[in-house]
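First the structure, in the form of structure tokens, and then the observations on it.
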Amino acid sequence: QVQLVESGGGLVQAGGSLRLSCAASGRTLSRYNVGWFRQAPGKEHDFVAAIIWSGERAYYADSVKGRFTISRDNAKNTVYLQMNSLKPEDTAVYYCAAVLRSSAYYYLAGLYDYWGQGTQLTVSS
């Protein structure tokens, strides 16, 4: 099975940038579709971005489109989320998740089989 560990979170001022990393072990991540989700206090997981295993397609929530970029480096077994122009409403615990099977419902948390422990992002105004 694949294990996922997120890193790179922290405290950043509004308008700033940060890059999150999702490092995999146990198995290569190259054949997995990977998504990023975030969870604010008292809320469920919201879709942020996803990338298919080949990297040929990426998808974004409307709330982050144009500001966030998802990418992957299969040689390093790592997926990244570059976050620019951060806003206070981006504050949440960010999780990466992976699934081997394909689905049109890439934006649903229930699709994904493997999850990291999460990393906290706090954006101050």
Side-chain angles (χ1 to χ4, degrees):
Q1 311 301 324
V2 62
Q3 293 81 44
L4 305 174
V5 178
E6 303 95 334
S7 63
L11 176 64
V12 64
Q13 193 175 54
S17 298
L18 207 64
R19 188 178 74 164
L20 304 183
S21 298
C22 175
S25 62
R27 291 185 178 181
T28 178
L29 204 58
S30 62
R31 291 291 181 171
Y32 287 79
N33 303 309
V34 176
W36 283 96
F37 292 80
R38 63 189 183 186
Q39 185 176 36
K43 297 184 178 180
E44 296 299 317
H45 292 79
D46 288 331
F47 171 73
V48 177
I51 188 168
I52 65 172
W53 67 269
S54 66
E56 295 175 351
R57 289 186 179 182
Y59 306 91
Y60 299 93
D62 288 341
S63 59
V64 306
K65 191 173 298 182
R67 299 189 297 121
F68 290 12
T69 302
I70 188 171
S71 63
R72 65 192 305 163
D73 186 340
N74 287 336
K76 297 181 178 179
N77 221 21
T78 301
V79 174
Y80 303 97
L81 184 68
Q82 178 66 46
M83 305 180 294
N84 299 324
S85 302
L86 285 165
K87 305 174 181 179
E89 50 263 45
D90 295 319
T91 295
V93 177
Y94 282 71
Y95 299 87
C96 66
V99 62
L100 193 58
R101 57 188 170 90
S102 61
S103 174
Y105 298 97
Y106 55 86
Y107 52 87
L108 294 180
L111 172 67
Y112 296 85
D113 296 319
Y114 306 99
W115 292 77
Q117 84 290 343
T119 185
Q120 175 72 50
L121 170 68
T122 302
V123 183
S124 62
S125 60

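Since this is a predicted model, take the numbers as computed values, not measurements.
To the nearest 0.5 Å, atoms CG (Leu86) and OG (Ser124) are separated by 10.0 Å. Atoms CE and OH, on Met83 and Tyr94 in that order, are 5.5 Å from each other to the nearest 0.5 Å. Considering CZ of Arg72 and OG of Ser30, their distance stands at 7.5 Å, rounded to 0.5 Å. One finds the SG atom of Cys96 at 8.0 Å from the CD atom of Gln117 (value rounded to the nearest 0.5 Å).
Both Val99 and Tyr106 are assigned to one and the same hydrophobic cluster, defined by single-linkage of ILVMFWY side chains at heavy-atom distances under 4.5 Å. Grouping the Ile, Leu, Val, Met, Phe, Trp and Tyr side chains by contacts below 4.5 angstrom, directly or via other members, places Tyr105 with Tyr95. The cluster map of Ile, Leu, Val, Met, Phe, Trp and Tyr, joined by side-chain heavy atoms under 4.5 Å apart, puts Val64 and Tyr80 in different clusters. When hydrophobic clusters are built by joining Ile, Leu, Val, Met, Phe, Trp and Tyr residues whose side-chain heavy atoms come closer than 4.5 Å, directly or via intermediates, Val34 is grouped together with Tyr114. In the hydrophobic clustering of ILVMFWY residues, with side-chain heavy atoms under 4.5 Å counting as a link, Phe68 and Val12 come out together.
Listed here is the closest heavy atom pair of Leu18 and Gly8: CD2-O, 3.2 Å. Residues Ser85 and Ser17 approach most closely at N-OG, 4.3 Å, considering heavy atoms. Here the shortest heavy-atom pairing between Trp115 and Ala109 reads CZ2-O, 3.3 Å. Between Ser125 and Ala14, the shortest heavy-atom distance links the atoms CA-CB, 4.3 Å. In plain terms, the two heavy atoms of Gly9 and Thr119 that are nearest each other are N-OG1, 3.2 Å.
Of the possible polar contacts, none joining the Asp113 side chain to the Ala98 backbone as a donor-acceptor pair under 3.5 Å is found. Remark: the backbone N or O of Leu111 is paired with a side-chain donor or acceptor of Arg101 at under 3.5 angstrom. The main-chain N or O of Gln82 is never found under 3.5 Å from a side-chain atom of Thr69 such that the two would form a donor-acceptor pair. At distances below 3.5 Å, not a single donor-acceptor pair connects side-chain atoms of Thr78 with backbone N or O atoms of Ala23. Proximity of a side-chain donor or acceptor of Tyr60 to a complementary backbone N or O of Ile70 within less than 3.5 Å is detected. Not one N or O on the side chain of Arg38 forms a donor-acceptor pair closer than 3.5 Å with the backbone of Leu121.
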Determine all donor-acceptor pairs shorter than 3.5 Å in which one atom belongs to a side chain in residues 43-53; sequence neighbours excluded.
none

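Just one of Leu100, Asn77, Leu29 meets the side chain to side chain contact (heavy atoms under 4.5 Å, CB included) condition when paired with Val2; it is Leu29.
Contact check on Lys65 versus Asp62 returns a salt bridge, with a Lys/Arg side-chain nitrogen under 4.0 Å from an Asp/Glu carboxylate oxygen.
Side-chain contact between Gln120 and Thr91: present, with at least one pair of heavy atoms (C-beta onward) separated by less than 4.5 Å. Contact annotation: the side chain of Leu20 never approaches that of Glu6 to less than 4.5 Å [non-hydrogen atoms, C-beta and beyond]. With a 4.5 Å cut-off on side-chain heavy atoms, Val5 and Gln3 do not count as touching.
Residue Gln13 qualifies as open at atom CD: its count of foreign heavy atoms under 6.0 Å is 12 or below.
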